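Structure, as structure tokens:
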Protein chains: 2
Amino acid sequence: MLKNSEFVSKLRNSGLRPTKQRLKICEVLFNRDKTFHFTINDLAKNISENFNEKISLATIYNTIHAFKDKGYLKEITISSDKSYFDTNITKHHHFYDEDTNLLIDCNDNEIGKVNIKNNITGKKISSVEVLVRVASDTQNQN
Amino acid sequence: MLKNSEFVSKLRNSGLRPTKQRLKICEVLFNRDKTFHFTINDLAKNISENFNEKISLATIYNTIHAFKDKGYLKEITISSDKSYFDTNITKHHHFYDEDTNLLIDCNDNEIGKVNIKNNITGKKISSVEVLVRVASDTQNQN
DNA sequence: ATTTAGTTTAGAATTATTATAAATTAACAA
DNA sequence: TTGTTAATTTATAATAATTCTAAACTAAAT
Ligand SMILES: [Mn+2]
Ligand SMILES: [Mn+2]
Ligand SMILES: [Zn+2]
Ligand SMILES: [Zn+2]
């Protein structure tokens, strides 16, 4: 639940000019109570259907990637034909409902800490992510 | 290290005709000591460069998807612009080296069992996969 | 006000993947 | 064998997500 002026400084502080388009995208993504997951297409549709502004698809891609690079979004890869973004930038894991194609955040109390006993020599761990795929009982198993 | 005749029965047993193309792909994928990870492009290149047979890209896609559906391959999604396949069909986790773009299998002794305390109501867990991204110490963290 | 560099945009290009539909081939029965 | 049938392969077109390009626009600095 941030105000417009807060987005302006947030953008300025990260070296991004607070343009009309970026502020609108900030509002859509960050001016709400709960974090959520979306695809570029979801976002483009949301903006064109629910607001008067027209933001070109190229700008949406540019902005989302800029926000990701600045750490304001995380990218979640579930399938190779679609990329999800997450406004929850804390470390967390996901359930993926194969029936509805929805991503659901795991709380820390739902999945215990992942115990990595041996890392690759000379490398540093940059992230650890668990994906739990779920489906109705009557579905095929993986 | 399977023989050609074994691939013939394996294919027949799963309702797939043992065509010349499928047998060649079996040989390339399964006639070796260790499991490995590959992309469709890797495989197409491998076949066209190291063998005389020309298999059309459409057939490679068809075959890999058929093998995946029959459970002879697993698909691993790391990034949205490329899909990896895995000849190791046992339950296991992965390291992904962001410097080299290589996938590395985790042994059971490297990552402890993931403890899922609460599943989504009414759903069945179809898979649990951990992806540990690693990079050189001098790289950016996630 | 002028300049400059950053940003937006429409549209083209790229790339992975899937669809189409005709030619080929494996399986099967006569 | 031989003919029939359905599965498979293939070249090619289509699709769809994403990136690129280059011109127009705009925020920031002078
Ligand atoms: Mn794709
Ligand atoms: Mn893609
Ligand atoms: Zn999330
Ligand atoms: Zn593997």
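Keep in mind that this is a model prediction, so the values were computed, not measured. Every chain is numbered from 1 and lettered A, B, ... according to where its sequence line falls, protein lines coming before strand lines.
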[options]: which one has an atom nearest the side-chain heavy atoms of [X]?
{"X": "A:Arg17", "options": "D:dT9, D:dA6, C:dG6", "value": "C:dG6"}
{"X": "B:Tyr61", "options": "C:dT18, C:dA26, C:dT8", "value": "C:dT18"}
{"X": "B:Ala58", "options": "C:dT9, D:dA11, D:dT9", "value": "D:dA11"}

> Should the pair A:Lys124-B:Glu98 be classified as a salt bridge under the 4.0 Å nitrogen-to-oxygen rule?
Replying inline: no
>> For A:Glu129, is there an ion pair with A:Lys74 - N to carboxylate O distance below 4.0 angstrom?
In response: yes
[X] [atom1] - [N] [atom2] separation (whole Å):
{"X": "A:Arg12", "N": "C:dG6", "atom1": "CZ", "atom2": "P", "value": "15 Å"}
{"X": "A:Asp81", "N": "D:dA14", "atom1": "CG", "atom2": "C1'", "value": "16 Å"}
{"X": "A:Ile40", "N": "D:dA16", "atom1": "CD1", "atom2": "C1'", "value": "14 Å"}
{"X": "A:Leu23", "N": "C:dT8", "atom1": "CG", "atom2": "C1'", "value": "14 Å"}
{"X": "B:Ile60", "N": "C:dA16", "atom1": "CD1", "atom2": "P", "value": "14 Å"}
{"X": "A:Phe67", "N": "C:dT7", "atom1": "CZ", "atom2": "P", "value": "11 Å"}
{"X": "B:Ile25", "N": "D:dT8", "atom1": "CD1", "atom2": "P", "value": "13 Å"}
{"X": "B:Asp42", "N": "C:dT17", "atom1": "CG", "atom2": "P", "value": "11 Å"}

> Listed in order of residue number, which residues of residues 49-57 of chain B have a non-hydrogen atom at under 4.0 Å from DNA chain D?
Replying inline: B:Lys54, B:Ile55, B:Ser56
Checking [Y] against [X]: is there a side-chain donor and acceptor pair closer than 3.5 Å?
{"X": "A:Glu75", "Y": "A:Ser83", "value": "yes"}
{"X": "B:Asn101", "Y": "B:Tyr96", "value": "yes"}
{"X": "B:Asp86", "Y": "B:His94", "value": "yes"}
{"X": "B:His37", "Y": "B:Asp105", "value": "yes"}

>> Applying a 4.0 Å non-hydrogen cut-off, can you work out what A:Asn41 is touching in the nucleic acid: base, sugar-phosphate, or nothing?
In response: nothing
>> Assuming nearest nucleotide by heavy-atom distance, tell me which of A:Thr63 and B:Pro18 is located more 5' along DNA chain C.
In response: A:Thr63
> For DNA chain C, whose closest nucleotide is more 5', that of B:Leu16 or that of A:Lys20?
Replying inline: A:Lys20
Side-chain N,O ([X]) to OP1/OP2 ([N]) below 4.0 Å:
{"X": "A:Gln21", "N": "C:dT9", "answer": "yes"}
{"X": "B:Arg22", "N": "D:dA7", "answer": "no"}
{"X": "A:Thr19", "N": "C:dT7", "answer": "no"}
{"X": "A:His65", "N": "D:dT18", "answer": "no"}

>> Under the rule for ring pair (Phe, Tyr, Trp, His ring centres under 6.0 Å), what residues qualify as partners of B:Phe36, not counting sequence neighbours?
In response: B:Phe38
Expected list for residues 111-121 of chain A: side-chain donor-acceptor pairs under 3.5 angstrom, two or more places apart:
residue: A:Asn119; atom: ND2; partner: A:Lys123; partner atom: O; Å: 2.9

